[in-house]
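Residue numbers start from 1 in every chain, and the chains themselves are labelled A, B, ... in the order their sequence lines are given, proteins ahead of strands.
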2 protein chains.
Amino acid sequence: MASQRGEGDLTTPLEPADRERARAIPEAAVARLAVYLRVLSGMADQGVTTVSSEELSTAAGVNSAKLRKDLSYIGSYGTRGVGYDVEVLVSHIERILGLTRKHSVAVVGIGNLGHALANYGGFPGRGFPVTALFDVDDDLVGVPVGGIPVNHIEDIQRVCAEREVSIGVIATPPPAAQGVCDRLVSAGVQCILNFAPVVLQVPDNVEVRKVDLAVEMQILSFHVARRADEAANDLVNGIGVDGMVIRP
Amino acid sequence: MASQRGEGDLTTPLEPADRERARAIPEAAVARLAVYLRVLSGMADQGVTTVSSEELSTAAGVNSAKLRKDLSYIGSYGTRGVGYDVEVLVSHIERILGLTRKHSVAVVGIGNLGHALANYGGFPGRGFPVTALFDVDDDLVGVPVGGIPVNHIEDIQRVCAEREVSIGVIATPPPAAQGVCDRLVSAGVQCILNFAPVVLQVPDNVEVRKVDLAVEMQILSFHVARRADEAANDLVNGIGVDGMVIRP
DNA sequence: CTATGTGAACGTGTTCACAGCG
DNA sequence: CGCTGTGAACACGTTCACATAG
């Protein structure tokens, strides 16, 4: 079933079978594949060559059925009765995730967060070199952050084209986000990671992912409240905070 | 259907009806409620008093059916034929999300990201004051960041108890994350926001949310690859990059 | 007559459990 | 005989469409 071909090749197009498969992979599975990849890379570094679905799933924090299902979306690369070859899995996941190609990243908005992102210097996981920084503040323009000089937002289009930026990261204050987004889009950037707490409007051909700290905190808050409430409820029903039945 | 009671009350326990409802709200809906809340707050600031499901849903980037369903999880606070009262909705969502209570936040790991987080000074959206910072580096201990002096990690338990920290934010390098997590848990923190690219092991009573930049980038990468591939595929099938059929 | 609220239909993602391969 | 790979069952979330309240 496997389509053999040189691994690590920079511009390998997917085979027709892989192509249909990629279309069908659920978004949730894609996110988990990235996690499996990280765990597998760690294992490879430690000299592990083979892993079972049980081991890998535990390390990745999911159950083994889900892991096997996820892996089945990208093909059948395991050996029954044995498990998976770590290196083989790594390269197949990398290929499916498009990591055989470098994705140049631009960070817009060099405030606290922008600084932090720029200084990661080649985003977590490698394969995502930060090649351009932008800000509106003239005092910042020209100053190198994480080794890269800041450009003025006006120059987004030119600089993004020159450096073949494929991913734009928005780390601006909320009011500026939509404007920056529009510029990135008109510069041909089709993938955006948005840290600004704003719902971005983009054309259909642009992919946006958002990281929203306020929302994350509020989800946690919801769970605190729910738990506190359940505890109160349980007490009323005669169950102690430790789960012990004190009034059966 | 509405359970009337003083709004903005700091320690109002939920009524039994609300309690069952809170249990039943899908996680995905909770995340969206937080977004609605932000949009509604903005509207309130601009003096808007009433909003229809259509308007609110557009502003929040979802469809109106989903919005109404989400709101129905928390009760029926709209007026048929009219819409929703902005203030009423805001206070009900705040109550359901547990935002009538302050959630003290501790940030662990004062590197680039930790600095950025500490300097947000009272996390995005308010109601989440950062009250403690921790690091292993002795040179950092005592130095104020965003107005709060850094404590040594050793003191997590004492300081978290004193300042009633309810949410811990992990912004350490990956190898330190699990250890920090364990300390936070033993300090009684039940909610953790994890920025380290590590799968944390925690007891059942602790809620973890993770923000994983590498995963986000790789999901975007996947979409770039899928798109590039579709384009290649379309070319083979005689469709131009602009969607025009060039070889029917 | 308008816009909410919701049961019912639908679709997607998860889990189960076992057939089948090595 | 163990572990993968997967169809089938299930659970969850989304969308539809309309009865219902104002």
Problem - C:dG5 base / B:Arg68 side chain donor-acceptor hit below 3.5 Å - result: yes
Problem - Protein-nucleotide distance (A:Leu56, atom CG; D:dC3, atom C1'), rounded to Å - result: 14 Å
Practice task
Please report, rounded to the nearest Å, how far the P atom of D:dG13 is from the CG atom of B:Leu71.
Solution key: 17 Å
Handout entry: Spacing of B:Lys66 atom NZ relative to D:dT14 atom P, expressed in whole Å
Key = 5 Å
Practice task
Considering just the side-chain nitrogens and oxygens of A:Asn63, establish if one lies under 4.0 Å of OP1 or OP2 belonging to C:dT15.
Solution key: yes
Problem - Position toward the 5' end of DNA chain C (nearest nucleotide), B:Tyr84 or B:Gly81 - result: B:Gly81
Exercise for the section: Please tell me which of the listed nucleotides, D:dG5, C:dG13, D:dT14, lies nearest to the side chain of A:Ser76? Expected result: D:dG5
Exercise for the section: Evaluate whether atom CD of A:Glu55 has more than 12 neighbouring non-hydrogen atoms of other residues, nucleotides or ligands under 6.0 angstrom away. Expected result: yes
Completion exercise
B:Asp70 CG to D:dC12 C1', in whole Å, measures 14 Å
Handout entry: Closest to side chain of A:Ala65, choosing from C:dA8, C:dC16, C:dT14
Key = C:dC16
Problem - Side-chain donor or acceptor of A:Ser221 paired with backbone N/O of A:Met217 under 3.5 Å - result: no
Practice task
Could you tell me whether the side chain of A:Arg32 and the main chain of A:Asp70 form a donor-acceptor pair under 3.5 Å?
Solution key: no
Exercise for the section: Take atom CD of A:Glu55 and atom C1' of D:dT4, then tell me their distance rounded to the nearest Å. Expected result: 14 Å
Problem - Length of the line joining A:Ile74:CD1 and D:dG5:P, which is rounded to integer Å - result: 10 Å
Handout entry: Under-4.0 Å side-chain N/O to phosphate OP1/OP2 contact, A:Thr79 with C:dG22
Key = no
Exercise for the section: Would you mind reading off the distance between B:Leu67 atom CG and C:dA3 atom P, rounded to a whole angstrom? Expected result: 14 Å
Practice task
Figure out the OH/P separation between B:Tyr73 and D:dC12, and round it to whole Å.
Solution key: 11 Å
Practice task
Indicate whether OP1 or OP2 belonging to D:dC3 is found under 4.0 Å from a side-chain N or O atom of A:Ser53.
Solution key: no
Exercise for the section: Check whether any side-chain N or O of B:Gln190 sits under 3.5 Å from a backbone N or O of A:Val224 as a donor-acceptor pair, and report yes or no. Expected result: no
Fill in the blank from the handout: Of the listed C:dG7, C:dA3, C:dG20, the closest approach to the A:Arg80 side chain comes from C:dG20
Exercise for the section: With the side chain counted from C-beta on, respond yes when B:Gln218 and A:Phe128 share a heavy-atom pair under 4.5 Å apart, and no when they do not. Expected result: yes
